[in-house]
Amino acid sequence: MTIEMREGYEGTGPGAITPDGCAVELYSRLPLWGEPDIITAAVPAGAHILELGCGVGRMTHPLLERGFTVTAVDESAEMLERVRGARTICGPIESLDLGEKFDVVTLASFLVHSGDVEVRRGMLNVCRSHVADDGCVLIQREGEDYHTNLPRERRAMAVSPAEGSGRGDPSEFTIRVVSSEPVGDGVNSVRAEYVFPDAMWTQTFLARPLTKEQFEGALAEAGLKVDRYLTEDEVWVRVVPVRA
C-alpha cells in the first residue's frame, strides 16, 4: 500500500512504514523504558487515559494490565492493528475532536517537538480540549542534550514474541541517533538507526528543539501549565489546564 509521507520524514526497513517514518514491525520489537511506571505514579488509579500516538500499544497494553481504561489514537491503521483491549481511533492527533473529556491525556514520543509549529499547536490544543478540568496531561520532552550529544547509541533487549508482535527470539539490538542537522527556522532533521541481528530500520524526522521557557510558553498558548516535572532529567512533565 502506498502512503503519503509527511514532508521531511522518511523510514526504511522491512514492513509497513507510517507517514512520519516509523516502522510498524520495529515498534513491535522495542522495549519499554519505564513509561508505565512514570504514568502510574502521576495519575489516579483506574483513570481513563487518552493516549495520543499510541503506535502498536507498547504503553497501551501495560496500562490496561494496571487497571486503566485507554482510548488509543494513532494515524496509522497498521499500528492500530497491533493494539488489543483498548478502544482505538485512527486519525491525525492534531485534528482530533472526540467531544469527550478524559482524566488523563498522554503525549509521548517527543511529539511536542514536531517541526511544524501548527502541528504542535494543534496537538497541544487537542490535549487541552480533551482533558477534564481536574485532569492532567503527561508530556514527554526531549532531553537537554538530545541534539548535541551525537552520535550516541544504546544497547537494549527486544521484546519477546509473548510481549509484542516481533518475530523470533528476544535479541540484543542497537539504537543509534546518528545526526541532527539544521534545516532552517529552528528545525533539525534527525536520523536514527535501529540495528537488529536480522534486520535494520532507519527513520529521518523533523524536530524543533525547545528550551524549558519555549516549552512552557507553548503550553501557555494552549491554556496549559506545568504542574511538576516528573523525572530528574525533566523529560516527563505533568501538565494541568489553566482554569479561566
Side-chain angles (χ1 to χ4, degrees), residues 30-55 58-60 62-63 66-68 70-73 93-94 101-117 119-150 152 154 156 175 177 180 186-188 190 192 205-244:
L30 293 182
L32 291 161
W33 311 104
E35 300 96 333
D37 292 336
I38 293 168
I39 294 170
T40 299
V43 306
H48 190 172
I49 298 174
L50 175 64
E51 184 186 2
L52 301 176
C54 66
R58 288 174 55 250
M59 295 196 303
T60 315
L63 290 173
R66 294 169 187 233
F68 296 105
V70 182
T71 295
V73 178
I93 296 169
E94 62 268 25
K101 300 284 188 179
F102 296 81
D103 304 316
V104 180
V105 179
T106 64
L107 187 69
S109 302
F110 315 121
L111 290 173
V112 73
H113 292 273
S114 170
D116 187 325
V117 172
V119 170
R120 181 192 71 202
R121 183 175 288 124
M123 288 180 177
L124 291 177
N125 286 339
V126 165
C127 290
R128 178 63 183 91
S129 65
H130 288 79
V131 69
D133 287 344
D134 59 349
C136 68
V137 181
L138 303 185
I139 297 177
Q140 185 183 23
R141 305 170 58 227
E142 293 175 347
E144 184 176 345
D145 61 351
Y146 186 87
H147 294 269
T148 56
N149 179 25
L150 298 173
R152 65 177 180 273
R154 69 189 297 181
I175 301 174
V177 182
S180 177
V187 177
N188 290 346
V190 182
F205 57 94
L206 300 180
R208 182 180 295 274
L210 298 171
T211 65
K212 184 188 290 189
E213 292 74 21
Q214 290 170 329
F215 168 68
E216 294 184 0
L219 294 180
E221 185 183 65
L224 299 165
K225 64 179 182 179
V226 171
D227 176 52
R228 66 182 185 273
Y229 288 87
L230 298 173
T231 52
E232 186 175 350
D233 58 10
E234 298 189 338
V235 165
W236 278 92
V237 193
R238 188 179 193 272
V239 171
V240 295
V242 176
R243 299 189 183 186

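What you see below is based on every heavy atom in this structure, not just the backbone, and it leaves out hydrogens, waters and symmetry mates. Throughout, numbering of the chain's residues begins at 1 and tracks the sequence.
- Annotation: side chain of Leu219 is not in contact with side chain of Val137 (no heavy-atom distance under 4.5 Å).
- Going from atom CD1 of Ile49 over to atom OG1 of Thr71 covers 10.0 Å, rounded to the nearest 0.5 Å.
- With contacts defined as side-chain heavy-atom distances shorter than 4.5 Å, the pair Arg120/Leu210 qualifies.
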Point to revise | CA sep, side-chain torsions, deciding dist, call: Arg128, Val239, side-chain contact (heavy atoms from CB on, under 4.5 Å) | key: CA-CA 10 Å; Arg128 178 63 183 91; Val239 171; over 6 Å; no
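- With Arg58 contributing its side chain and Pro31 its backbone, the two residues share a donor-acceptor pair below 3.5 Å.
- The side-chain heavy atoms of Phe68 and Val104, taken from C-beta on, include no pair separated by under 4.5 Å.
- Looking at Asp103, its side chain does come within 3.5 Å of a backbone N or O of His48 through a donor-acceptor pair.
- Looking at every heavy atom in both residues, Gly186 comes nearest to Arg208 through O-CG, 3.7 Å.
- In this structure, Arg141 contributes its side chain and Val235 its backbone to no donor-acceptor pair below 3.5 Å.
- Ala41 and Arg228 get closest at one heavy-atom pair: O-NH2, 4.4 Å.
- No side-chain donor from either of Asp116 and Ser114 sits under 3.5 Å from a side-chain acceptor of the other.
- Atom CD of Gln140 sits about 8.5 Å away from atom OG1 of Thr231, to the nearest 0.5 Å.
- Atom CG in Leu124 sits 10.5 Å away from atom CD1 in Ile93 (nearest 0.5 Å).
- One finds the CD atom of Glu216 at 9.0 Å from the OG1 atom of Thr211 (value rounded to the nearest 0.5 Å).
- Nearest approach of Val190 to Ala207, heavy atoms of both residues: CG2-CB, 4.2 Å.
- A donor-acceptor contact shorter than 3.5 Å is absent between the side chain of Ser180 and the backbone of Asn188.
- The CG atom of Asp133 sits 6.0 Å away from atom CZ of Arg243, with the distance rounded to the nearest 0.5 Å.
- In this structure, the side chains of Leu52 and Leu111 stay at 4.5 Å or more apart for every pair of heavy atoms.
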Exercise for review: Please lay out, stage by stage, how Trp33 and Arg154 fare under the test side-chain contact (heavy atoms from CB on, under 4.5 Å).
Suggested key: CA-CA 12 Å; Trp33 311 104; Arg154 69 189 297 181; 3.2 Å; yes
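- With rounding to the nearest 0.5 Å, the separation of CZ in Phe102 from SG in Cys136 is 13.5 Å.
- Applying the 6.0 Å contact sphere to CD of Glu144 captures no more than 12 heavy atoms from other residues, nucleotides or ligands.
- At distances below 3.5 Å, not a single donor-acceptor pair connects side-chain atoms of His130 with backbone N or O atoms of Val105.
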Check your understanding: Checking side-chain contact (heavy atoms from CB on, under 4.5 Å) for the pair Leu230/Leu138: CA distance, chi angles, key distance, verdict?
Key -> CA-CA 9 Å; Leu230 298 173; Leu138 303 185; 4.0 Å; yes
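- With Arg238 contributing its side chain and Val43 its backbone, the two residues share no donor-acceptor pair below 3.5 Å.
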Exercise for review: Check step by step if side-chain contact (heavy atoms from CB on, under 4.5 Å) holds for His113 and Tyr146.
Suggested key: CA-CA 11 Å; His113 292 273; Tyr146 186 87; over 6 Å; no
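- Scanning both residues, Glu94 and Val126, for their nearest heavy atoms gives O-CG2, 3.7 Å.
- Looking at Asp37 and Arg66, a side-chain N of the basic residue comes within less than 4.0 Å of a carboxylate O on the acidic one, giving a salt bridge.
- The nearest pair of heavy atoms linking Ala108 to Met59 is CB-CE, 3.7 Å.
- Of all non-hydrogen atoms in Gly135 and Val240, the two that sit nearest each other are O-CG1, 3.9 Å.
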